[in-house]
Amino acid sequence: MIKAYAVNEPKGKLEPFEYDPGVLRDNEVEIDVKFCGVCHSDLSMMDNEWGFSQYPLVPGHEVVGTISSFGNNVNNLKVGDYVGLGWHSGYCMSCTSCMSGDHNLCSSAQATIVGHHGGFAEQVRAQAASVIKLPDNIDRESAGPLFCGGITVFNPLIQFGIKPTDKVGVIGIGGLGHMAVQFLNAWGCEVTAFTSSEKKKTEALKLGADQTLDSRNQSAIAGAAGQFDFIISTVNVKLDWNTYISTLKPKGRLHFVGATLEPLDIAAFSLIGAQRSVSGSPVGSPETISKMLDFAVQHNIKPVIEKYSFDKINEAIEKLRSGKAHYRIVLER
Ligand SMILES: NC(=O)c1ccc[n+]([C@@H]2O[C@H](COP(=O)([O-])OP(=O)(O)OC[C@H]3O[C@@H](n4cnc5c(N)ncnc54)[C@H](OP(=O)(O)O)[C@@H]3O)[C@@H](O)[C@H]2O)c1
Ligand SMILES: [Zn+2]
Ligand SMILES: [Zn+2]
């Protein structure tokens with residue numbers, strides 16, 4: 001039996017929960033969880049905000065731990081290896097996306113916390129292909145958040161060929177946003193952090209932003225008209241998207257990774273005239289995750305974390321819910 005924490009209903013508290021994972025499949029590994037980050041998507045799934053949560057639900061998809069057992073067909077990981085697991089815990093391995101290395105776009109990928117029990121647990125299982133060995137010199141206790149939040153903001157830099165000469169913006173300086181600022185700064189870009197928090201303005205500069213703007217101040221944002229090549233939104237709320245689009249250069253892109261539920265109300269002419277784009281993307285492929293981990297080590301990029309022990313898990317969730325997490329909560333065994 002695997003000992004875990006589960007919620008049984010939307011907005012419910014996490015409670016101790018045990019489940020029988022069955023026989024380990026040939027292509028699977030079992031991970032002893034040492035650390036697990038808490039992503040806003042855990043909260044959205046716990047609360048059934050997206051409408052597809054299944055209960056009992058064991059959240060947790062920013063796992064760092066060690067391999068405790070592996071199936072007969074696994075030959076890239078061994079017992080004791082330090083590994084990470086993110087949003088996806090399996091891929092079909094045969095669709096066009098999987099065959100072209102875009103595993104994160106696989107339409108039948110298994111999500112770690114959707115119809116599968118996640119990392120708020122002593123152990124978690126996953127297909128070996130979705131489990132990435134940690135580089136030796138990475139800081140293990142802060143590495144978990146790279147596996148969802150980190151890869152989600154790093155992957156677009158690869159997908160859209162962001163250049164060091166680009167001027168970029170990050171909207172929302174939370175778990176994802178504070179990592180985006182660090183990556184884009186190390187990438188060589190001029191970075192503007194859009195935040196609704198006075199306090200975070202100073203902190204964003206320390207994380208590598210060159211300047212900050214109030215993410216809710218329409219006239220301040222409008223003052224930056226035509227400046228950006230690329231803006232990434234990590235917020236889960238509706239903001240004034242048309243004003244943000246007006247800050248893009250010709251051919252600029254407003255890219256969504258934050259799961260804003262309200263439909264986008266975008267004026268087609270603001271895209272047509274200057275050939276601008278609006279887009280979105282989910283996490284990243286195993287190969288891009290490995291690339292990101294190496295880049296993070298090379299540039300000493302680390303998620304800024306607050307640690308909680310697993311027995312304070314409900315306190316940790318409330319802290320994230322209140323918007324006061326600084327910047328990523330990591331549960332520690
Ligand atoms: N695409 C993907 O694959 C993927 C992967 C992971 C997460 N996500 C999604 O990304 C989003 C962010 O996740 P996270 O873990 O980074 O969440 P988070 O730590 O809670 O950060 C969200 C940030 O949004 C801003 N925000 C929140 N409420 C706001 C408001 N009323 N007005 C203006 N700004 C507001 C805040 O930034 P400031 O304090 O700076 O204003 C906050 O720090 C979530 O929707 C999550 O589900 C998507
Ligand atoms: Zn596939
Ligand atoms: Zn996540």
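Owing to the predicted nature of the structure, the values given are computational and were not obtained by experimental measurement. Whatever order the structure lists them in is the order used to number ligands and atoms, beginning at 1.
- Cation-pi geometry between R140 and F35 is not met: the NZ or CZ atom fails to fall both under 6.0 Å from the ring centre and inside 45° of the normal.
- Relative to atom 34 (N) of ligand 1, the option among S196, S41, A325, G175 with the closest non-hydrogen atom is S196.
- For atom 16 (O) of ligand 1, the closest non-hydrogen atom of the protein is L176 N, 2.8 Å.
- The nearest heavy-atom contact from the protein to atom 27 (C) of ligand 1 is N236 OD1, 4.0 Å.
- The backbone and the side chain of H40 each have at least one atom closer than 4.0 Å to an atom of ligand 1 (non-hydrogen atoms only).
- Interatomic distance, L146 CG to I289 CD1, rounded to the nearest 0.5 Å: 10.0 Å.
- Near T152, with a cut-off below 4.0 Å to any heavy atom, the atoms of ligand 1 are 1 (N), 2 (C), 3 (O), 4 (C), 5 (C), 6 (C).
- A salt bridge is defined here as a Lys NZ or Arg NE, NH1 or NH2 lying under 4.0 Å from an Asp or Glu carboxylate O, and K319 with E315 fails to meet this definition.
- Of the protein's non-hydrogen atoms, the one nearest atom 48 (C) of ligand 1 is V257 O, 2.9 Å.
- When the side chains of ILVMFWY residues are joined at heavy-atom separations under 4.5 Å, either directly or via intervening members, F194 and L207 end up in two distinct hydrophobic clusters.
- Among R216, K200, H61, the residue whose heavy atom lies closest to atom 30 (C) of ligand 1 is R216.
- Between SG of C92 and SG of C106, the angle at the Zn ion (ligand 2) works out to 110°, rounded to 10 degrees.
- Contact annotation: C39 has at least one heavy atom less than 4.0 Å from an atom of ligand 1.
- Ring-plane geometry between F295 and F154 is classed as tilted, the angle between the planes lying from 30 to 60 degrees on a 0 to 90 degree scale.
- Only the side chain of W50 comes within 4.0 Å of ligand 1, counting heavy atoms alone; its backbone N, CA, C and O stay farther away.
- Between E203 and K206 there is no salt bridge, since none of the side-chain N atoms of the basic residue sits less than 4.0 Å from a carboxylate O of the acidic one.
- Ring geometry for F52 against W50 counts as tilted: the plane angle lies between 30° and 60°, on a 0 to 90° scale.
- Ligand 1 lies less than 4.0 angstrom from a heavy atom belonging to S281.
- Evaluated by nearest non-hydrogen atom to atom 24 (O) of ligand 1, the leading choice among I151, V235, V237 is V235.
- Under a 4.0 Å criterion applied to the non-hydrogen atoms of T195, ligand 1 contributes the atoms 38 (P), 39 (O), 40 (O), 41 (O).
- With hydrogens left out, the protein atom closest to atom 10 (O) of ligand 1 is G258 CA, 3.4 Å, a heavy atom.
- For ligand 1 and G174, the ligand atoms under 4.0 Å from any heavy atom of the residue are 19 (O), 21 (O), 43 (O).
- The pair K167-D229 fails the salt-bridge criterion, with no side-chain N (NZ, NE, NH1 or NH2) lying under 4.0 Å from an Asp/Glu carboxylate O.
- With F230 as the aromatic partner, R253 does not meet the cation-pi criteria of under 6.0 angstrom to the ring centre and within 45 degrees of the ring axis.
- Between N104 and Y91, the shortest heavy-atom contact is N-CE2, 4.2 Å.
- Which parts of ligand 1 touch G172 is read off a 4.0 Å heavy-atom cut-off, strictly below it: atoms 37 (O), 40 (O).
- Of the protein's non-hydrogen atoms, the one nearest atom 3 (O) of ligand 1 is V283 N, 3.0 Å.
- Counting heavy atoms closer than 4.0 Å to ligand 1, residue T234 contributes backbone atoms (N, CA, C, O) but none from C-beta onward.
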Check the pair K238, D265 against salt bridge (Lys or Arg N to Asp or Glu O under 4.0 Å), reporting the backbone distance first and the verdict last. CA-CA 10 Å; K238 179 178 172 7; D265 55 341; 3.3 Å; yes
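- V153 and I171 fall into different hydrophobic clusters, where Ile, Leu, Val, Met, Phe, Trp and Tyr are joined by side-chain heavy atoms under 4.5 Å apart, directly or via other members.
- A salt bridge is defined here as a Lys NZ or Arg NE, NH1 or NH2 lying under 4.0 Å from an Asp or Glu carboxylate O, and E306 with R328 fails to meet this definition.
- Those atoms of ligand 1 that come under 4.0 Å of a heavy atom in I173, given as number and element, are 37 (O), 38 (P), 40 (O), 43 (O).
- By the 4.0 Å heavy-atom criterion, C148 is counted among the residues contacting ligand 1.
- For ligand 1 and R328, the ligand atoms under 4.0 Å from any heavy atom of the residue are 14 (P), 15 (O).
- The contact set between ligand 1 and P282, taken as ligand atoms under 4.0 Å from a residue heavy atom, comprises 3 (O).
- Counting only distance, with no hydrogens or angles, the side chain of T243 and the backbone of A222 share no donor-acceptor pair below 3.5 Å.
- Vertex the Zn ion (ligand 3), arms ending at SG of C39 and NE2 of H61: the angle is 110° after rounding to 10 degrees.
- Protein heavy atom closest to atom 45 (O) of ligand 1, with residue, atom name and distance, is A259 N, 3.0 Å.
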